[in-house]
Every structure is written in structure tokens, then in C-alpha cells.
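First the structure, in the form of C-alpha cells, and then the observations on it.
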Amino acid sequence: MSETKHRHFIQRIIDEDNVTGKFDNRVHTRFPPEPNGHLHIGHAKAICLVFGIAEEYGGGCNLRFDDTNPIAEEEKYVDAIQNDVRWLGFEWDNLCFASNYFQQMYDYAVQLIKQGNAYVCDLTGEEIKKSRGTLREPGKDSPFRNRSIDENMDLFNRMKNGDFPNGSKTLRAKIDMEHPNLNMRDPVIYRILHANHHNTGNDWCIYPMYDWAHGLEDSIEGVTHSLCSIEFEDHRPIYDWYLDMLDVYHPQQIEFARLNLSYTVMSKRMLKRLVEGGFVNGWDDPRMPTLSGMRRRGYTPESIRNFMDEVGIAKRENVMEIAKLEAKLRDDLNKRAQRRMAVLNPLKVIITNYPEGKVEELDAINNPEDESAGSRKVPFERELFIEQDDFIEDPPKNFFRLGPGREVRLRYAYFITCNNVIKDEQGNIVELHCTYDPETKGGNAPDGRKVRGTIHWVSANESIDADVRLYDRLFTISDPSSSDNFEDVLNPDSLIALNECKLERSLSDVGLEEHIQFERLGYFYKDPDSTNGMPVFNRTVPLRNTWAKLEKQQQNQKN
RNA sequence: UGGGGCGUCGUCUAAUGGCAGGACAGCGGAUUCUGGUUCCGCCGGUUGGGGUUCGAAUCCCUGCGCCCCAGCCA
């Protein structure tokens, strides 16, 4: 179909490098998360990109933990991140830790000092900030800028040995305090942090800053193309400066735009607030855009990867509509999910002309998209449950389902006609009395008559109970980060927990890894909160619902 | 404001001097024992102004708008 597949700007750069032989036709990328939080759908874009590039060019990709800040980082995130990357479907060539290069990084810093390109500065954080200048004013040189190499060597050595308290000294690059790029105004290379590191313990009390560490990590690992997000664009000069000064192998940093998704947040800060404020139930809450949350909700890695194939790689800001992700999800689930019947909000139906005590086993197709999935038996009897939404006493125009005197098809079963509506004292509908047409067994009328509606159902006595959790977007506005008050734009209906839902019997032994379509409702996925007695299902995503859309339109017209 | 980056349908994204195309969304229709799926059709865009050119989204000039940077975070 599609002739020449479009190549994005990063592929073009690499193609060009492979023509000129810039990296000896080698391609090696890396995914460099800091182990200080969970991976989210935004990371997935980067993961798919860097692992995808490596695969496409027959190169390699490292998973590298950028663990240069012991205060923020924890071992548990190291494990969680590996788990998430694997779940997405990628395997790294090397598992690396920035902290494994601490000695090399230190040695390089010594080299820089000896070259006269770095100095130990006694300014406090506040003083550094002041002397850095502003966007329009140049900075001022630190009074410690011209210490001798010997003095710097001695001081730096003592910094490493733990002679000084936190924050009392830094090692800084001697570049240019008047540089228009603030990152070049004598950036800090090392800071003193007497802290326990998840990997190196108490071996070090000085830790490298990102700008110093990252390029060295790339260089040490022989990375060719170091892909990162756009906000690091003004860090590229410092990335290049360090590697040039050290005269070491020099990878190329290339920046691309990160992924944003409508109706959700991606910043670690906001995600953390959601968790710590108790607005969601943990990092793997199925409403969270974290990979662990999406996994629990029932997203498939394939659907996420397919989505990433279409988001595009470019430099401009972008906000992908969540609808596109969901389209990819449905697309994947439609093909793989077996169909079952489940009634979320049950309404009792008595088939008055059906013999008491009789149970028939009817054939139901497991997946119309996959013949090999076969079929199953569903029990039919005199007492059934249907969805409350599938009956309206005074049906509006275009409503095809059940109403007084109306005939509909019970899927895979019989045509039934509603004769009687039973209400309680408050006037709530509690039961429907219907009659069935025995000639329509299986769902077809021999006389050729048609019904507009087909509804799902479960047997009252042969069904099992379950809790079902319905999820919706977490926020009411497309760009929640634009709001000052986080809580104002939280969707109060992002989770609707239903109890005593009625499931088809065959759902009693569904596995934790199985994606199921509840017919006419959506795709569902069993939650680990399930117990032996009470299964819990998460709604991954609802089916497209043109009736709901119509209904909304009709309501809007009334108003 | 100094520096860096970015502007193409509602949203993403192609076209890199030669018919502005695709996906999602929206709208309409066909098929259907899921108001699902599938299929068909429609709608809709080059940030403004000037210039170069037979021809400009693309090149030049000049506006305008948006994003990022003043952590001893990454």
C-alpha cells in the first residue's frame, strides 16, 4: 500500500551519518531513566524510539540508570522500570548504571582541573544564584575562579574525602559568566552530598551533576546518537563542551518533542501529587498514565507500541488526543478479546411462559473476529437479568431496545416481548414480565420477522457476582496542567465502583492475563484485587457507543 | 527582555521548489444477532505581510504567536 515509508528527522540524520561514516556505520542508543519514579506513557514514546532505532539499524540499546542523585533515587524504582520496559516488549543490550562510572567521572574532573578548566568554588547556592545573572544581565565571576591548579586539586581531593559539609563547596567548569546561554555560566560539575547511594553506598560524598555525567555516560558506553527531549536543547553546548575539553569519544545529542496526552498529566510532580494526595490509589491505579497503571487497567503493550508508531517524531510541541490511543487499544483488543455477557446494573426479567426449573444451554460465539476462538454454552432459564439501560418505559425516538409491548432479541437466545412492568412502592422498576417465542431459539425467527434491538443478558441463578470498576479520564479539561487548582479539574466520576454485577458463568475461571469483551459494554481486565469469592474487573475502555452519542445529541436539542 | 527552539485540517503527522496527503476526531450512509466490527462517502489546513520563481508549506526579508532556560534536579 504505502510506497516509501516516511523517515523522521532522526532517521534522516542517522542515514546521513551512515553515508559519511561518522560513527563507522554503528548505531547505539540508550534509554536513561533516573530511578526516582515510575515510567509513564510519555517515557514509552522515548523507549519505543530508542529501542526501535537500535533494532532498525541493527545496533544496540542500553538501559542506563542515570543515578547521580542519591537523595531522590531508590532501588525499588530500578526494578519497576526494568519490569515496565520488558512489559512494553523491549530487551536492552547492556544494563548500565551511571554510578558504575563514578571513578572515571572523578578522574575526568581531575583532568579538567589540571587543564585549568575547572575550579573549586566556595560560594553557597544562594550566592551562585545571585552571581549567575539573569536572562538579560550577564553573571559575575566567582571570587574563587582563579585559584591555582594545585589549590583546586587539593580542595577537590578533600571534597571527595569528606572534609567538607554539604553545600559548602562545588566544583565548577570555568567557561564564561557572561555567556548568553545560562547553562554555560560556570556550571556546577560536582556537589557535596553526604548521602547513601542505592548502588555505591557510602563510597562517595560528591556526586556529579547531570550535564557532567550524561555526556560521559554516553561516551563511555560508545553511544552514537543520544536522544533526549527538547528541553535539553540548550544543554547541548555544555554536553559538547565537556566532551571536547576532555577530548574523548563524542556522541551526538539529538532532541525531539516529548509526548503529551489530553486529559491527563505527565509531570512527575503532578503524578506524585495525585498519589500522595490520595486522589488515586497508588502509582498503578488504573487511571494513572503510568505503565503500571495502564497495564493494570488492561492496556496491551502492542496497542501502546502501535500508538507510538503513529504519534510521529518531530520537534514541535504536541498534545495527542487520548481518543487516538483508545482507538489503537480497541483495535488491538477487538482482535484478541473473547466475548462474554455481563450485566453491570441488573434488572430482573421473568419469562412467564418459560417452564420453571428448565435450563437450556445455548451456543455463543467467543470471538466473531477470530473463528479459532470457538464457541461456548450459556445457560438460559426463566429468570434472567438484563441491563437497566436496555429498558425504558417511555422509549424515546430511535431507541431500539426493550419497552412495554416491544419485542427484542436476547443475544444467542430468544425473542422476548415485554408485557408487564413491576414497580416498588417508590415507583422504581424492579422487574419485567416478558414472554418468549419458542420458535426463535438461537436468535432467529423462522417467519422472517426482524427486531431492531439485540440485548445481552445473564441467567439469574447460573450467573456469578462480581465487582466492576468503570474508569473515565482523570480530569475534566483537556489540559489539566493549565489549571491553578489541581483539584478543581479532577473528574469526580473517574472511578465508578459497581457491586453485585452479574457475570456469565464461564467468567468464573478467567485468568488474570485475559482481555475480555463484555458484549455491548467494553473491554475488561481482571484486577489483582480479585478474591476467590469475588472477582474484580476493570473496564479497560468502553466500546464505541453511537447510541450514547445520539442520546446526548437529543438531550442537547431539548435544552 | 539575552539565548535556544517551534508554527500545515479540531488533534497528530506527511509533502523538503512541482496536484497540500494520511490517521484520529466529527458528520452522513451501507452491512451486521454487539447501537461493536467492517466498508463507503463527506467535512476540514499551510501564522500575517512582502519578495525570488513558470511554479513556494518548502527559498529570502519582515512581522506575529507559542514553548524552554536564571537547581548544588534530571
Side-chain angles (χ1 to χ4, degrees), chain A residues 2 6 8 12 32-34 36 66 68-69 71-73 121 123-126 128-130 132-139 166-172 178-185 187-193 206-207 209-211 213-214 228-237 255 257 259 262 268 307 310-328 330-331 334-335 339 341 364-365 368-369 398-401 409-413 442-444 450-456 478 517-522 542-551:
Chain A
S2 66
H6 162 69
H8 57 67
R12 288 180 195 199
E34 184 189 15
N36 71 341
D66 209 356
T68 57
N69 183 2
I71 293 169
E73 295 148 9
C121 181
L123 257 27
T124 65
E126 197 56 35
I128 287 184
K129 186 176 178 174
K130 246 186 220 158
R132 184 158 27 228
T134 67
L135 293 182
R136 49 199 101 72
E137 299 153 21
N166 287 356
S168 59
K169 283 179 170 42
T170 55
L171 182 71
R172 293 226 261 165
E178 296 185 8
H179 201 286
N181 179 345
L182 305 239
N183 294 125
M184 299 293 273
R185 319 240 260 227
V188 171
I189 300 174
Y190 272 95
R191 78 285 214 187
I192 300 171
L193 245 35
I206 56 171
Y207 290 92
M209 296 290 291
Y210 167 85
D211 285 315
H214 206 89
C228 63
S229 49
I230 276 297
E231 68 267 28
F232 290 102
E233 206 145 20
D234 11 284
H235 290 247
R236 182 155 26 94
E255 310 84 14
L259 173 76
S262 62
K268 223 166 248 178
F307 174 68
E310 288 193 5
V311 301
I313 301 298
K315 296 190 75 160
R316 64 184 92 94
E317 282 275 311
N318 63 86
V319 182
M320 293 303 299
E321 286 178 347
I322 189 99
K324 183 139 185 169
L325 212 210
E326 291 181 340
K328 283 292 168 195
R330 290 194 187 100
D331 190 47
N334 177 48
K335 283 176 284 187
R339 273 60 167 172
M341 291 198 284
I365 293 165
E369 307 296 318
N398 297 326
F399 185 79
F400 306 153
R401 282 111 86 156
R409 171 167 39 231
L410 294 180
R411 184 137 161 98
Y412 298 125
N444 287 302
K450 301 284 182 201
V451 286
R452 283 310 285 283
T454 299
I455 64 175
H456 63 275
S478 165
Q517 182 193 107
F518 291 175
E519 293 224 20
R520 303 210 302 133
L521 298 173
L543 255 29
R544 274 203 186 81
N545 189 342
T546 36
W547 166 244
K549 215 182 281 175
L550 258 179
E551 211 177 12

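Proteins get letters first, then strands, A, B, ... in listed order; numbering begins at 1 in each.
- No hydrogens or angles were tested; on distance alone, a donor-acceptor pair under 3.5 Å links the side chain of A:Arg401 to the base of B:rG35.
- Pairing each heavy atom of A:Val319 with each of A:Ser262, the nearest pair is CG1-N, 3.7 Å.
- In terms of position along RNA chain B, the nucleotide closest to A:Asn318 lies nearer the 5' end than the nucleotide closest to the other residue of the pair A:Gln517 and A:Asn318.
- Remark: the separation of the C1' atoms in B:rA56 and B:rU47 is 16 Å, to the nearest Å.
- The P atoms of B:rA74 and B:rU38 are separated by 47 Å, rounded to the nearest whole Å.
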Quiz item: Once each nucleotide of nucleotides 66-74 of chain B is scored for protein heavy atoms under 4.0 Å, what B/S/- sequence comes out, 5' to 3'?
Solution: -SBBBSBSB

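- B:rC61 and B:rC69 have their C1' atoms separated by 29 Å, with the value rounded to a whole Å.
- Distance noted for atom P between B:rC40 and B:rG7: 33 Å (whole Å).
- For the atom pair A:Arg316 CZ and A:Ile230 CD1, the distance stands at 11.0 Å (nearest 0.5 Å).
- Using a 4.5 Å heavy-atom threshold, the side chains of A:Asp234 and A:Leu182 count as separate.
- Nucleotides B:rA25 and B:rU13 have their C1' atoms positioned 14 Å apart, rounded to a whole Å.
- Nucleotides B:rA23 and B:rG55 have their C1' atoms positioned 30 Å apart, rounded to a whole Å.
- Counting only Watson-Crick and G-U wobble pairs whose two distances sit under 3.5 Å, RNA chain B takes part in these stems of three or more pairs: B:2-7 with B:64-69, B:10-13 with B:21-24, B:26-30 with B:38-42, B:47-51 with B:59-63.
- Listed by chain and residue number, A:Glu231 satisfy the side-chain hydrogen bond (donor to acceptor under 3.5 Å, both in side chains) test with A:Ser229 (two or more places apart in sequence, or in another chain).
- Remark: A:Lys268 pairs with A:Asn36 by the side-chain hydrogen bond (donor to acceptor under 3.5 Å, both in side chains) rule, at least two apart or across chains.
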Exercise. Go along nucleotides 21-28 of chain B 5' to 3' and tag each nucleotide: B for a protein heavy atom under 4.0 Å from its base, S when only backbone or sugar atoms are that close, - otherwise.
Key: --BBSSS-

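- Across all strands shown, A:Arg339 has heavy atoms under 4.0 Å from base atoms, whether or not it also approaches the sugar-phosphate.
- Electrostatic pairing of A:Glu126 and A:Lys129 does not count as a salt bridge here, judged by no charged N lying under 4.0 Å from a carboxylate O.
- In this structure, A:Phe518 reaches neither bases nor backbone, as no heavy-atom distance under 4.0 Å exists between it and the strands shown.
- Side-chain atoms of A:Thr68 do not come within 3.5 Å of backbone N or O of A:Tyr210 as any donor-acceptor pair.
- Between the CD1 atom of A:Ile455 and the C1' atom of B:rG36 there is a distance of 16 Å, rounded to whole Å.
- Here A:Asn398 contributes atom CG and A:Arg452 contributes atom CZ; the two are 8.0 Å apart, rounded to the nearest 0.5 Å.
- Between A:Met209 and A:Pro187, every side-chain heavy-atom pair lies at or beyond the 4.5 Å cut-off.
- Using a 4.5 Å heavy-atom cutoff, the side chains of A:Ile192 and A:Ser168 are in contact.
- Here A:Arg172 lies out of heavy-atom contact (under 4.0 Å) with every strand.
- B:rG36 atom P lies 11 Å from atom CZ of A:Arg520, rounded to whole Å.
- Rounded to a whole angstrom, the distance from the C1' atom of B:rG48 to that of B:rC54 is 26 Å.
- Put simply, the side chain of A:Glu255 and the base of B:rG4 share no donor and acceptor less than 3.5 Å apart.
- Shown here are the side-chain hydrogen bond (donor to acceptor under 3.5 Å, both in side chains) partners of A:Arg191, two or more places apart in sequence or in another chain: there are none.
- For the atom pair A:Ile313 CD1 and A:Arg12 CZ, the distance stands at 13.5 Å (nearest 0.5 Å).
- Rounded to an integer number of Å, the gap from A:Glu519 CD to B:rU37 C1' is 11 Å.
- Across all strands shown, A:Leu550 has heavy atoms under 4.0 Å from base atoms, whether or not it also approaches the sugar-phosphate.
- Counting to the nearest Å, the P atom of B:rU13 and the CD1 atom of A:Ile313 are 9 Å from each other.
- Among B:rA15, B:rG35, B:rG36, the nucleotide with an atom closest to any side-chain atom of A:His6 is B:rA15.
- In this structure, A:Phe518 and A:Leu543 have side chains that are not in contact, with every pair of non-hydrogen atoms separated by 4.5 Å or more.
- Rounded to an integer number of Å, the gap from CG of A:Asn444 to P of B:rU34 is 11 Å.
- In this structure, A:Arg316 reaches the B:rA14 phosphate: one of its side-chain N or O atoms is under 4.0 Å from OP1 or OP2.
- Comparing B:rG21 with B:rC43, their C1' atoms are spaced 16 Å from each other, to the whole Å.
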